[in-house]
Amino acid sequence: MINKVVANADEAIQDISSGMTLMLGGFGLCGIPENCINALVNKGIDQLTCISNNAGVDDFGIGLMLRKRQVKKMISSYVGENAEFERQLLSGELEVELVPQGTLATRCMAAGYGMPAIFTPAGVGTEVAQGKEIRNFNGKDYLMEMAFDADFAIVKAWKGDTAGNLIFRSTARNFNPVMAMAGKITIAEVEHLVEVGELDPDQIHTPGIYVHRIFQGKDYEKRIEQRTVRPKE
Amino acid sequence: MINKVVANADEAIQDISSGMTLMLGGFGLCGIPENCINALVNKGIDQLTCISNNAGVDDFGIGLMLRKRQVKKMISSYVGENAEFERQLLSGELEVELVPQGTLATRCMAAGYGMPAIFTPAGVGTEVAQGKEIRNFNGKDYLMEMAFDADFAIVKAWKGDTAGNLIFRSTARNFNPVMAMAGKITIAEVEHLVEVGELDPDQIHTPGIYVHRIFQGKDYEKRIEQRTVRPKE
Amino acid sequence: MLDKTGIAKRIAKEIKDGYYVNLGIGIPTLVANYIPEGINIVLQSENGLLGMGPFPFEGEEDPDLINAGKQTITTLPGSSIFDSAMSFGMIRSQKVDLTILGAMEVSENGDIANWKIPGKMVKGMGGAMDLVASAKNIIVAMQHVNKAGESKLLSECSLPLTGVKCVKKIVTELAVLEIASGGGFRLLERAPGVSVEEIRKATTGKLIIEGEIPEMQI
Amino acid sequence: MLDKTGIAKRIAKEIKDGYYVNLGIGIPTLVANYIPEGINIVLQSENGLLGMGPFPFEGEEDPDLINAGKQTITTLPGSSIFDSAMSFGMIRSQKVDLTILGAMEVSENGDIANWKIPGKMVKGMGGAMDLVASAKNIIVAMQHVNKAGESKLLSECSLPLTGVKCVKKIVTELAVLEIASGGGFRLLERAPGVSVEEIRKATTGKLIIEGEIPEMQI
């Protein structure tokens with residue numbers, strides 16, 4: 001097997017530079033690559049385009065990068081819950097491209113599957129359709145949406161092996177597998193890095209061929225955005 | 001949960017009728033829905049269009065349906081190792097549409113993912129491209145290929161639960177998950193049918209929403225097409 | 001006149017045994033609490049879960065297990081997890097039987113606006129555009145009029161659209177209405193104690209009233 | 001002149017550490033036996049496996065575990081299994097570094113024909129069209145001439161094409177050649193004991209010979 005292990009987040013992101021396009025996995029704060037985000041903040045590069053379903057909160061996730069003005073443009077489906085984001089957006093410092101969530105996911109998948117474009121009905125008849133080719137199949141209109149082109153994809157998995165195979169846990173899976181397939185270079189941080197042979201080949205969500213660098217992250221906070229509970233009966 | 005269990009193959013296929021289009025999972029003889037194929041042979045319907053990567057061998061798999069002249073048209077990527085197939089093809093009794101294997105898989109996936117068409121470079125400049133739209137993206141030509149439209153998809157899994165969730169084993173996975181997503185009605189036969197809660201939600205390959213009927217098959221032969229071994233040292 | 005719970009209860013009656021259902025944030029989420037006995041349904045959460053269960057018991061929250069509203073939830077026996085591409089794949093291929101969501105405006109031909117108010121901070125459409133463009137059956141749960149007292153059932157939406165010609169039915173605090181095939185809001189039921197006249201006053205778009213309009217049974 | 005093993009050994013030298021490789025049926029399959037020490041590669045089998053291992057020991061065959069040639073095989077530590085759509089997804093997105101396959105004909109601009117002979121039973125292209133249309137690096141392993149003694153390296157293919165302008169390199173029993181960027185077979189190496197003249201005689205397409213042509217080192 002091919003060994004994809006790097007020491008830590010700093011090594012993993014060492015050649016990410018200002019102006020690049022990054023995909024960042026996660027949904028809300030669930031399943032985000034915490035270690036790599038912190039390393040990007042420390043590295044201090046800027047003018048980044050970030051493709052991520054959400055933009056974190058003020059003091060966690062991509063919100064940390066926004067606070068340091070590292071992000072030029074966000075490509076997301078939902079960017080609420082972030083006052084600094086709102087401030088930068090309204091002041092014109094930050095550019096935002098809002099993309100329907102399914103379109104966002106499918107444009108990632110298209111990149112990973114070598115499909116230059118996909119057709120989706122999402123956004124037909126809305127401002128999302130502006131400037132896009134519309135095509136009718138079987139009586140229904142679809143937008144042609146292009147595959148993303150990202151320099152790096154940064155994802156977070158639960159377990160991974162030294163060959164880069166990944167297993168995600170619960171709904172922390174979300175965008176991570178489709179982004180893992182889509183980066184020119186894909187970095188995976190995992191909670192548990194194991195030797196090859198320890199993962200069941202049938203249970204691997206992302207085959208190692210898609211992952212170029214892997215490391216075991218540390219100090220995961222895994223913050224909960226909306227703690228909803230019911231009382232014990 | 002919604003219960004998808006039927007008693008057996010006969011019940012599962014009861015409303016499949018002559019002239020329909022069926023998808024059948026498997027690669028070679030690996031992971032084919034043996035019980036349903038036998039039930040289709042017994043039912044004796046004909047004029048079927050079968051979408052399946054291969055066409056079985058003379059006395060097993062789809063070959064059994066060919067022997068009873070139940071198949072009007074095969075849509076496959078490779079149809080060797082079948083003398084009866086060859087005879088029917090050369091005599092004009094059987095129609096064959098050869099589709100590149102990746103295109104076949106992706107046209108299934110497109111149906112399951114609600115995408116009416118996909119773009120692939122496979123077949124550009126060959127007779128496969130005849131009559132198809134060619135489109136250039138980023139300097140490379142792609143064919144537009146249409147999603148399949150199948151009345152039934154029939155797949156075989158290793159384990160399944162009463163809600164229709166499926167887990168495949170090893171390379172018997174192959175076309176089964178993409179076809180499971182693609183049928184208007186999807187029938188799954190499994191080696192082991194278990195209660196809901198017995199399968200780990202993270203390890204399910206095909207969510208039950210895609211599966212309309214499930215049953216535990218019996219007497220699996222799982223024939224090996226090319227037994228290759230090495231001597232014990 | 002119904003309260004939010006009443007709207008949720010009335011919508012719950014639209015759900016049939018064996019349905020896969022996607023519930024939006026707000027009133028739609030409440031619907032899950034009122035599914036009739038003997039009706040088995042599965043809730044789809046578009047962040048990647050089929051078989052959404054109730055909120056966890058205190059102390060049992062799992063940060064890796066949330067719904068599309070980012071709330072901590074649980075799974076159920078028979079649940080399955082998948083990635084975002086497959087999640088919207090099953091939505092686009094209409095495997096989800098029913099989508100219930102809120103709206104700012106609905107037009108008489110079934111257009112819906114629920115994601116953007118010009119001049120205000122736009123948070124994004126999330127999965128709403130995918131859901132409304134794909135679902136075979138969409139029920140809108142909303143107030144009949146906005147806070148300014150203006151009807152939200154219009155001949156044409158004034159706000160930027162989320163989707164076109166997609167809404168099938170609307171349940172408000174005043175009424176149940178369906179989009180007529182030729183356009184228009186066909187009044188199906190009145191909320192308890194609400195008159196047809198009150199509904200007419202609160203509806204700017206074309207209202208179709210045919211025969212006696214029954215009062216809702218909840 | 002090389003035998004099949006020789007061709008496989010020579011091709012094995014083209015494989016670099018860290019490569020993901022797809023091997024076609026026939027001579028290409030043999031290549032796996034001659035990967036140099038210290039070179040770690042992963043074999044992709046397009047039916048849905050990364051990390052193809054050797055044939056199983058007798059009695060340990062698993063009918064659920066085969067390669068794209070339908071042979072019983074094994075996995076290795078670090079192997080992964082996936083469905084056919086993902087398999088060709090990774091092929092199309094050029095995650096597979098090298099494809100080695102056989103051919104009936106190759107043209108001097110890199111076209112390849114290897115799936116169909118008019119008038120004979122056509123078994124199908126399997127995954128070959130996907131592989132040749134997508135791979136960033138394709139090496140053809142084949143005999144220089146066919147059984148009738150005719151060259152298989154032509155100015156234009158006479159048989160129906162599998163793919164266009166895709167072959168990068170050809171290894172035959174006589175020579176190693178690459179497709180020159182402007183077209184033509186650039187002769188890189190002679191097989192042991194084979195003269196440039198013999199190669200010239202066996203090659204119908206434009207042969208480019210620049211300088212001294214070294215003998216292969218195997």
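This one's a predicted model, so the numbers in the text were calculated from it and none came from an experiment. We use all heavy atoms of the structure for the numbers below, so side chains are in, but hydrogens, waters and symmetry mates are not. Just so it is clear: chains get the letters A, B, ... in the order the sequence lines come, proteins before strands, and each one is counted from 1.
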Inset, instruction - For the pair B/Gln14 (side chain) and B/Ala12 (backbone), establish whether a donor and an acceptor sit closer than 3.5 Å, ignoring hydrogens and angles. - result: no
Inset, instruction - Residue by residue, scan residues 190-198 of chain B and write down, ordered by number, those that have a heavy-atom distance under 4.5 Å to chain C; if none do, write 'none'. - result: B/Val196, B/Gly197
Inset, instruction - Would you confirm whether C/Ser151, through its side chain, and C/Thr204, through its main-chain N or O, come within 3.5 Å as a donor-acceptor pair? - result: yes
Inset, instruction - Output the residues of residues 210-218 of chain B for which the shortest heavy-atom distance to chain C is under 4.5 Å, in residue-number order; output 'none' if no such residue exists. - result: B/Tyr210, B/His212
Legend entry - Toward chain C, the part of B/Ile209 with a non-hydrogen atom under 4.5 Å: both
Inset, instruction - Take C/Leu174 and C/Met1 through the test side chain to side chain contact (heavy atoms under 4.5 Å, CB included) and record every step on the way to the result. - result: CA-CA 5 Å; C/Leu174 302 181; C/Met1 187 121 81; 3.5 Å; yes
Legend entry - Listed partners of B/Asp202 passing side chain to side chain contact (heavy atoms under 4.5 Å, CB included), at least two apart: A/Arg169, A/Ser170, A/Arg173, B/Asp200, C/Ile81
Inset, instruction - Using a strict cut-off of less than 4.0 Å between a Lys/Arg side-chain nitrogen and an Asp/Glu carboxylate oxygen, indicate whether B/Asp161 and B/Lys4 qualify as a salt bridge. - result: no
Inset, instruction - Inspect the contact between B/Glu34 and B/Lys156 and indicate whether a charged nitrogen and a carboxylate oxygen are less than 4.0 angstrom apart. - result: no
Legend entry - Any donor-acceptor pair under 3.5 Å from B/Asn54 side chain to B/Phe27 backbone: no
Legend entry - B/Thr126 side chain vs B/Gly123 backbone, donor-acceptor pair below 3.5 Å: yes
Legend entry - Interface residues of residues 99-113 of chain B facing chain C - heavy atom cut-off under 4.5 Å: B/Ala111, B/Gly112, B/Tyr113
Inset, instruction - For C/Asp111 and C/Cys157, indicate whether the former's side chain and the latter's backbone hold a donor-acceptor pair under 3.5 Å. - result: no
Legend entry - Side-chain (C/Asn22) to main-chain (C/Gln44) donor-acceptor, under 3.5 angstrom: yes
Inset, instruction - Check for a donor-acceptor pair, side chain of B/Gln70 on one end and backbone N or O of B/Ile45 on the other, with a separation under 3.5 Å. - result: yes
Legend entry - Check ion pair B/Glu95-B/Lys72 (N to O, under 4.0 angstrom): no
Legend entry - Sidechain-backbone polar pair: B/Thr162 side chain, B/Asn3 backbone, donor-acceptor under 3.5 Å: no
